[in-house]
Amino acid sequence: MSDINNRIRNILTKEDFEPIKKAELEGDLIVRPVVNYWPDVLRRLMKDRMAVFCLVVILAMILLSVFVPIFSPYSFDQTDLLKSNHSPNSQNWFGTDRVGRDLFTRVWYGSRVSLGIGFVGAILPYLIGMLVGGVSGWFGGWIDMLIMRIIDIGLCIPPMIYFILIIVYFGGGPFSMILAFAIMGWMGAARGFRGRVLQFKNREFNLAARTLGASPMRIVFKHILPNITGNLVVGLTAAIPAAIFMEAGLSYIGLGVEPPLTSLGKLSADGSLVFRTYPYQLFIPGTVISLIIFSFFMFGNALRDALDPRLRDLPAKERRRLRK
Amino acid sequence: MKKYIMQRFIISLFTIWLIATICFFLLRALPGNPFLSTTIMTQEMVDKMMRYYGLDKPLVEQYFTYMSSLLQGDFGYSLKYAGRSVNHIIRTTFPISAQLGLQALLFSIPTGLFFGIVSARRRGKKVDTFLSGSTILVISLPAFLIAAILQYIFALKLGWFPVAQWRSFTHTILPTIALALPLIASRTRGMRTLMLEVNEQDYLKTAKAKGLGEGKTVVFHQIRNAIIPMITGLGQEIATLLMGSFIIERAFSIPGMGAYFVNSIIGLDYTMVMGLTIFSATFVVFANFIVDLLYGIIDPRIRII
């Protein structure tokens, strides 16, 4: 024992325990501002011209659909038979439909409905799915087993049938469409979220949090959720245009919103009846839908690239080139 | 393997039974009945009609009557199209929808795969940029807009094809293209991603290292492996094809299943909704079943016992 002590005394001399001078310490200081993950993502996103363009388009659409129906001299259901089927002119910027309603007001009122269905219809299933998937993944055991079997069977049923049953039951309208999207969409979201929870559940940082006595809710929301936020956001930017698309398709075949309420899909459906003589009545609402879908789609792609730290130092053009 | 097939088969049957049961009771739980909505009838006439179709009996009895005739493959008579059985309507309309869907599928699979392969092989070149751009453009267009644009250009302006209806083969060309375009676009994107993913795998490096020619490497190693995950989506694709063709059928006024489906839902035609729902559900469920089996056969890495 004393032999070891002697040896240590020889290796470590007294000088080794003297504090170093302050000037030497400054080598380790971080002089530049710290860039966190989210500001970095934002910075990279803003460098991508396509993403900025899409963001501007989305914001413009939202603003127009909120404010045009408020400030327009026409209302979306005000008819004027003397002015039916007027082509776009200085008074009715997008023309009028067959009963003389101002299409400019109607298009933006319709995109208000479509965007609303798109946002709520995409976010609601995600929230339900996160809750159910979180419970399933976190608690495991028979709860997990039960929930996953229900989802397995539920996913086997063709989505169209959920739609039909709900629309038959509650009638067409924004509310029942959102409900249908929620009932259809939560299962996939829950499955994905459960997988993510399982993936992070037993990682070291969660073990540490549990050891310190954190509650399950705290661990799920404070420790697991931040790790999968990126994934969720990208999923949402894909779910919103999908919901708008579905709404448009259903309204087109006559299962969507009912008159006098309108949506972009409904307007296109009305326009498609007369597009051989008045093409603008179909192509204007159609272009607005396409522009919304395109913007969400491209923005989602850019966001996915920006969230991927492996691509962080490449310029936007290079990233697009390498994108899979 | 046999056990797995049996298991999956029973689950599929169970799913269809579940759909039929849920659908039956939910439809009956709806307010109103099929004879109230359209024509003006006295209460007496409505009661007589209800009695005629056996709709006045207790619900459970109706359920067992329906299920036993369903087991014999009989969907019953339509409540709206007087004198026509649901089987007859399916027999006349389904071939049309199926032909349209099949043509679109046969057109879109090779085209989409080809574009995807070209795009991946020429990554970052002009062809790739053009293909990626146009696929995104097509994906952003709703189906009815694609249909309208095609009608406007090729039927109204150029006069190459008839605008609508379903009579000869030339009538089928525009609807097929309209239905296939989004499928081609999504398949091109999917195939490109998969090709690029496979490109980084070790077995491809091995193939190159042992001196295999460029063509052989691409065909036998890269494409073969990239194609496998595409098959999983096929079952779901048939479902979307069914849904997508509703829109296309309406746009081109094709007498397929879509129009009947929508009308029977709006008119509360119980037997029609039930019949068409069960029919299409069976179709989708078994398409998924077959795709799952194929998946195990094609990719030996996925062992199903």
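Labels below follow one simple rule: chain letters A, B, ... track the order of the sequence lines, proteins then strands, and each chain is numbered from 1.
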Engaged part of B:Ala251 at the chain A interface, taking heavy atoms whose separation is under 4.5 Å
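When you check distances to chain A, atoms from both the backbone and side chain of B:Ala251 fall under 4.5 Å.
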
Between B:Ile139 and chain A, which part of the residue has a heavy atom less than 4.5 Å away: side chain, backbone, both or neither?
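Answer is both: backbone and side chain atoms of B:Ile139 are under 4.5 Å from chain A.
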
If you tally heavy-atom pairs under 4.5 Å between each of A:Tyr252, A:Phe297, A:Phe296, A:Phe245 and chain B, the highest tally belongs to A:Tyr252

Is any side-chain heavy atom of A:Ser268 closer than 4.5 Å to one of B:Pro142?
no

Separation of A:Ile293 CD1 from B:Ile136 CD1 (nearest 0.5 Å)
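One finds 13.5 Å between CD1 of B:Ile136 and CD1 of A:Ile293.
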
Value for OG (B:Ser140) from CG (A:Leu291), rounded to nearest 0.5 Å, stands at 9.0 Å

To check you understand the geometry: which heavy-atom pair defines the closest contact between A:Ser290 and B:Leu141, and what is its length?
OG-CD2, 3.3 Å

So, using ring pair (Phe, Tyr, Trp, His ring centres under 6.0 Å) as the criterion, who are the partners of A:Phe283 when residues are at least two apart?
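A:Phe283 satisfies ring pair (Phe, Tyr, Trp, His ring centres under 6.0 Å) with B:Tyr152 once adjacent residues are dropped.
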
If you tally heavy-atom pairs under 4.5 Å against chain A, which of B:Leu145, B:Thr129, B:Leu137, B:Ile16 wins?
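Most heavy-atom pairs under 4.5 Å with chain A: B:Leu145.
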
